[in-house]
Q: 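Below you'll find the structure I mean.
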Amino acid sequence: MARAIRVKDPDRCIGCYSCMLACARLVHRSHSLTKSAIRVQTRGGLQSKWGIDVCRACPDAPCAEACPTGALTPRAGGGVIWRRNKCSRCGNCANACVLRVIHFDEEGYPIICLYCGHCARFCPQEVIVWEEIGP
Amino acid sequence: MILEGPVNVLKIDLESSSWKLEEREDLVGWLGGVGVATQLFMEEAAWDKPPLAPEQPIIFAIGPFSGIYPLATKVVAVFRSPLTEEWGESYAGMRAAIALRFAGYDAVVIKGKAPRPTYLVIDEKGVAFKDARGVWGLDTEETGRLLREFEGGRGRRSIWRIGPAGENLVPLAGVNVDTYRHFGRLGLGALLGSKNLKALVVLGNRSYPIKNPTAYNRVYEKIYRAVVGTPLLSKYHYIGTAENILALNAQGSLPTLNLKASRFEKAEEVSGERFGRESLFRILACAGCPLGCIHVGVYRRPHPKGAGYISTTLAYDYEPIYALGPMLGLDAVDKVYALLREVEASGLDVISTGVVLAWATEALERGVVSEKETLVPLRFGAVESYIQATQYLAQPPNDFYRALGRGLRYATRIYGGEDFALILGGHEMAGYHTGYAFLLGQSVGARHSHLCNAGYSFDQTRKGDYTPEELVQYLLEEEAWRNVLNSLVICLFARKAYTPEVTAEALQALGRETDPQELMILGRKILRQKWEAKKRLGYTLDQIPLPPRRYFETPSGQGLLDPETYAALLKLYREKFASFLNA
Ligand code: SF4
Ligand code: SF4
Ligand code: SF4
């Protein structure tokens with residue numbers, strides 16, 4: 001069964017950024033707030049609610065559809081698999097992503113979610129969970 | 001970055017709108033945070049000039065753990081305090097530390113006075129000097145809103161700003177950080193004001209590769225689990241620090257009505273539990289802290305003209321509630337909020353504000369001053385007068401408020417009433433009448449704060465069962481160790497997770513060879529440097545006056561305290577001090 005990240009209860013978010021730091025640390029081997037496939041943001045000041053943006057592992061993923069080189073291919077059950085060596089850094093995937101969650105690192109490579117679940121493991125509030133999403 | 005190379009010091013001159021980056025190999029041994037900031041202060045201070053002279057530096061620093069390990073969330077500010085005129089040291093959290101880390105600076109030194117109101121944008125490209133004329137005069141909230149709209153970096157930036165109190169050079173002024181946190185104590189706000197510096201926006205997009213992922217991830221997870229999993233720390237999340245209201249009240253340690261009492265009859269009405277039930281809106285965390293202790297409540301009230309209701313969100317903690325609630329006899333959540341809103345907007349230090357207003361109230365009661373001075377009929381429990389008086393503190397309409405805004409040490413020199421002025425080391429007291437260790441601890445701690453050496457905690461755990469040597473030894477060792485934690489710069493709520501062993505392990509995982517012993521020695525070394533600075537600023541342990549009589553008239557958590565016992569403890573402290581520092 002394929003797994004993916006689900007934002008279950010954003011009202012519980014305390015804005016600790018543990019999820020972002022986990023993605024940066026464990027997936028991208030960086031101390032960073034930007035090298036992360038998950039982003040937590042206020043919508044203008046700390047009085048507003050938190051928004052948590054992360055890949056939703058679409059079935060029939062539009063980003064993969066837009067990829068001209070075959071670097072992004074659909075994953076069984078939803079979402080995509082990304083191969084760095086095939087990526088031409090064209091940016092089409094980010095434009096195609098309906099949720100606009102694809103950002104780029106300093107070399108211009110897209111930061112694509114691996115559905116590894118590290119971010120959920122470090123969320124102290126169970127805002128985000130790592131779930132089975134289908135066959 | 002600090003462990004992989006030199007300490008990056010960003011030096012800003014407001015006079016000439018210029019900046020430069022210095023890479024300081026020689027500072028690496030000082031770890032970071034307060035260790036590095038102290039060294040920079042030694043280099044930059046204008047020793048013979050008053051605190052608000054343009055030559056005086058403001059120094060901010062983060063440490064090697066900032067943005068790297070859980071709860072390393074604070075920035076330290078070091079400066080010459082306009083309140084005590086000596087050592088100034090203050091801490092703020094929220095996004096302050098992570099923003100500086102990813103902007104790429106370990107320390108920032110600001111000197112000079114800008115030719116006109118200015119705000120700074122500090123990012124990885126350097127410093128932009130921006131016109132703040134239109135923002136000058138605005139309160140902290142509106143200033144924050146505008147700068148959020150003007151500048152980029154949403155979610156990764158930190159905005160530090162002053163309100164009218166800082167602009168008016170009031171030594172009780174602090175700096176508000178990201179709406180809910182502050183560089184509160186010792187008057188940093190007045191320093192910014194004196195430099196025509198309305199605000200700093202710090203943001204960064206840098207990334208740093210992890211050198212040794214296996215070791216680092218292991219230590220990270222260990223600390224993370226220790227913080228998130230333990231009941232010891234979860235109290236900060238659930239009720240928050242405000243749970244201390246009932247706890248200290250039960251111990252008879254809650255300074256009430258200018259410390260005429262150490263229990264507040266209406267403690268229930270302003271307890272953390274009550275604030276939670278009646279007003280809690282959300283809990284927030286500093287960036288990088290999975291604990292989250294920041295309790296934000298809604299202050300909802302009828303519209304003054306009857307047009308429905310209006311509301312404001314405000315963060316509550318033990319200290320603001322203590323200083324504005326029991327201290328001033330304000331006995332309801334909404335009364336505390338009403339005054340807190342004013343304090344926040346004008347950018348004053350909440351502890352000092354509560355304590356100076358309590359003194360002014362009693363001074364008026366006793367006829368030490370009259371309504372000619374206070375302008376409003378200050379009375380314990382009467383919130384409207386306090387709101388007005390707070391505005392007067394921030395924008396003084398007469399000599400009395402000008403003097404009061406300089407703190408009680410100054411105000412009592414002019415008006416008298418020192419017997420009931422709640423100051424220790426020249427600094428308005430924190431909310432812990434717990435016993436001798438607090439009293440002595442705040443008096444002798446480098447920055448005269450309850451956090452220098454946590455005497456209150458010793459009082460609370462030992463409950464009077466100790467020898468004088470043990471008390472003195474505790475204060476010395478705790479302060480020295482806290483200098484290590486404050487060099488890293490962690491939130492002190494995580495101090496139980498960052499034992500000397502874990503701290504050394506965490507440093508090793510980042511590539512620094514060290515051990516607990518070496519760190520303890522470093523703590524003493526930093527403390528020694530601070531005392532060097534304090535001495536040069538005119539402070540020595542020999543001149544400490546006996547705390548005001550009030551402390552010995554009202555029972556503490558350990559019963560009535562005796563001036564002679566206190567004097568003996570101070571004497572012992574003095575004797576042990578030099579040999580401890582030099583050991
Ligand atoms: S699932 Fe993995 S790759 Fe995706 S956001 Fe979470 S930590 Fe990053
Ligand atoms: S880890 Fe959880 S609580 Fe923290 S910012 Fe991410 S989603 Fe919010
Ligand atoms: S415990 Fe509170 S103050 Fe400390 S880092 Fe966490 S949220 Fe910030």
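Letters A, B, ... mirror the listed sequences (proteins, then strands); counts begin at 1. Since the model is a prediction, treat every value here as computed from it, not as a measurement.
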Q: Answer with side chain, backbone, both or neither: which region of B:Arg225 has an atom nearer than 4.5 Å to a non-hydrogen atom of chain A?
A: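 Interface part for B:Arg225: side chain.
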Q: Examine whether an atom of B:Pro213 lies under 4.5 Å from a heavy atom of chain A, and if so say whether it belongs to the side chain, the backbone or both; otherwise answer neither.
A: side chain
Q: Is the NZ or CZ atom of B:Arg156 positioned over B:Phe102's six-membered ring, under 6.0 angstrom from the centre and within 45° of the axis?
A: no
Q: Answer with side chain, backbone, both or neither: which region of A:Arg12 has an atom nearer than 4.5 Å to a non-hydrogen atom of chain B?
A: neither
Q: When B:Glu344 is tested against each of B:Thr179, B:Thr140, B:Asn176, B:Thr312 for side-chain hydrogen bond (donor to acceptor under 3.5 Å, both in side chains), which residue passes?
A: B:Asn176
Q: Which region of A:Leu33, side chain (C-beta onward) or backbone (N, CA, C, O), has a non-hydrogen atom less than 4.5 Å from a non-hydrogen atom of chain B, or is it both or neither?
A: both
Q: Can you say whether B:Ile159 sits under 4.5 Å from chain A via the side chain, the backbone, both, or neither, judging by heavy atoms?
A: neither
Q: Any carboxylate oxygen within less than 4.0 angstrom of a Lys/Arg side-chain nitrogen, looking at B:Arg218 and B:Glu505?
A: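 A salt bridge is present here (some side-chain N lies under 4.0 Å from a carboxylate O).
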Q: Please name the pair of heavy atoms, one in B:Gly32 and one in B:Pro64, separated by the smallest distance, quoted to 0.1 Å.
A: CA-CD, 4.3 Å
Q: Does the distance from a Lys or Arg side-chain N to an Asp or Glu carboxylate O, for A:Glu106 and B:Arg206, drop under 4.0 Å?
A: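 No salt bridge links A:Glu106 with B:Arg206.
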